[in-house]
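Numbers here are sequence positions counted from 1. We use all heavy atoms of the structure for the numbers below, so side chains are in, but hydrogens, waters and symmetry mates are not.
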Amino acid sequence: MTNNKFILQRLALGQKYLEQLDDSGYTLVDMNMIEPFSIDDKYHHPTSVVFERNNAMYAIRSDWTRTLLNFNSNFYSDDKRFGYFGPVVRENESFYQAGVEIYKAAEKDIIEALLMHMNFVEECAETQIKTLVINNDQLIDLFIEKYKLPDSVRQLIYTKNISELRQQLGKDHDLYKIMSAKVSDQFKMVSEIFGDKEVMQAITHLKAKISSEDRKFILDLSFRSPQNYYNGLYFQAFLNSNSPILSGGQYNSNAFGIALNLTDGGLL
């Protein structure tokens with residue numbers, strides 16, 4: 001694809017996406033890429049580009065989530081659903097990011113937003129999303145609490161260190177059995193232990209809404225989000241690309257965000 005064609009397709013896709021958000025009642029935002037620098041932003045995005053001007057620190061926007069959080073807290077906006085399409089700079093590379101942020105997001109809001117984005121992607125791609133991978137670190141908390149495990153087991157799960165898990169827990173331990181089984185079996189196995197917990201019930205409700213014969217719904221306890229501010233449910237959805245077309249999750253207790261990958265997710 002020529003560079004001209006790619007640029008035009010990306011802009012057309014961005015416009016179509018924003019029109020979808022507008023029709024769905026989202027507040028659209030378009031902000032300056034230069035923002036006041038906060039040390040919290042550096043914690044969440046250590047690769048942010050930071051500079052000093054007139055004895056004040058500034059950063060080039062590296063993520064829309066933090067931008068909108070700062071906007072919402074500074075202006076006390078009554079709006080709860082925001083949509084965006086625009087450039088960010090991360091690790092000295094610029095690219096376009098699109099997505100939504102929802103504040104005071106209930107389970108219904110999360111499911112509706114996910115379904116809207118999946119339908120948008122499938123309409124544009126003219127094919128179905130093949131895989132959705134999901135996790136919630138609170139599930140690991142439940143295992144640690146129920147079986148009185150050391151917190152160090154968390155890293156063994158993330159790194160899929162099955163041999164060390166077996167050595168520490170034994171081959172008959174529920175957690176070892178889950179981690180050594182096929183990842184496609186984890187949902188059923190975790191449900192049998194924690195199906196009555198709110199964390200697992202939310203995942204079950206989501207699975208009932210979006211799974212199908214042609215779409216894999218995978219709960220993977222070892223799956224970690226690349227964004228360290230997620231503290232609840234998080235996910236990635238894939239077309240045929242190795243990179244997710246959709247990603248996002250819960251943060252700040254009652255906020256939820258979804259990002260649409262316009263770079264290498266498979267739509268362009």
Assess whether atom CG of Asp30 is packed by more than 12 heavy atoms of other residues, nucleotides or ligands within 6.0 Å. no
Would you find more than 12 non-hydrogen atoms of other residues, nucleotides or ligands less than 6.0 Å from Glu198 atom CD? no
Side chain to side chain, [X] and [Y], heavy atoms closer than 4.5 Å:
X	Y	answer
Ile245	His117	no
Leu21	Phe120	no
Tyr17	Leu260	yes
Val29	Trp64	yes
Val153	Phe143	no
Lys146	Lys197	no
Leu142	Met200	no
Leu221	Leu175	yes

Closest heavy-atom contact between [X] and [Y]?
X	Y	value
Pro87	Met33	CG-SD, 3.5 Å
Arg10	Phe85	O-CZ, 4.0 Å
Tyr234	Ser225	CE1-N, 3.4 Å
Phe238	Ile129	O-CG2, 3.3 Å
Pro244	Asn261	O-ND2, 2.9 Å
Ala105	Phe256	CB-CB, 3.9 Å

Do Phe95 and Leu8 sit in the same hydrophobic cluster, where Ile, Leu, Val, Met, Phe, Trp and Tyr count as joined when their side-chain heavy atoms come under 4.5 Å apart? no
With [X], which residues qualify under side-chain hydrogen bond (donor to acceptor under 3.5 Å, both in side chains), at least two apart?
X	result
Ser243	Asp264
Glu101	Thr65, Tyr251
Gln20	Ser24
Tyr158	Asp137

For [X], salt bridge (Lys or Arg N to Asp or Glu O under 4.0 Å) partners two or more places apart:
X	value
Lys207	none
Arg215	Glu122
Glu164	none
Asp141	Arg154

Look up atom [atom1] in [X] and atom [atom2] in [Y], then write down how far apart they are to the nearest 0.5 Å.
X	Y	atom1	atom2	answer
Asn55	Met57	CG	CE	11.0 Å
Glu19	Leu28	CD	CG	10.0 Å
Gln250	Tyr230	CD	OH	10.5 Å
Tyr229	Asp63	OH	CG	3.5 Å
Leu233	Ile110	CG	CD1	6.5 Å
Ser222	Gln155	OG	CD	11.5 Å

Gln186 vs Ile218, test: side chain to side chain contact (heavy atoms under 4.5 Å, CB included). Steps then yes/no. CA-CA 8 Å; Gln186 283 195 22; Ile218 296 174; over 6 Å; no
Measure from the side-chain N and O atoms of [X] to the backbone N and O of [Y], and report whether any donor-acceptor pair falls under 3.5 Å.
X	Y	result
Arg81	Val100	no
Lys130	Gln128	yes
Asn119	Leu115	yes
Arg166	Ser180	no
Asn135	Phe223	yes
Asn136	Gln138	yes
Gln201	Phe194	no

Tyr103/Phe82 aromatic ring centres below 6.0 Å: yes
Test side chain to side chain contact (heavy atoms under 4.5 Å, CB included) applied to Leu246 and Leu132, step by step: CA-CA 9 Å; Leu246 296 171; Leu132 188 138; over 6 Å; no
Hey, could you give me each pair passing salt bridge (Lys or Arg N to Asp or Glu O under 4.0 Å) that has a residue in residues 105-118? Not counting sequence neighbours. Lys108-Glu112
Give every residue pair that meets the salt bridge (Lys or Arg N to Asp or Glu O under 4.0 Å) criterion with at least one member in residues 172-189, sequence neighbours excluded. Lys188-Glu192
Are Val183 and Lys160 close enough, and set up right, to give a side chain to side chain contact (heavy atoms under 4.5 Å, CB included), and what steps lead you there? CA-CA 11 Å; Val183 70; Lys160 295 185 179 181; 5.7 Å; no
Start with the C-alpha distance between Lys16 and Glu123, add both sets of side-chain angles, then the distance that settles side chain to side chain contact (heavy atoms under 4.5 Å, CB included), and finish with yes or no. CA-CA 11 Å; Lys16 183 176 181 179; Glu123 177 186 339; 3.6 Å; yes
By side-chain contact (heavy atoms from CB on, under 4.5 Å), Ala125 pairs with (sequence neighbours left out) Thr127, Leu239, Leu267
Could you tell me which residues satisfy side-chain contact (heavy atoms from CB on, under 4.5 Å) with Asn242, sequence neighbours excluded, listed by chain and number? none
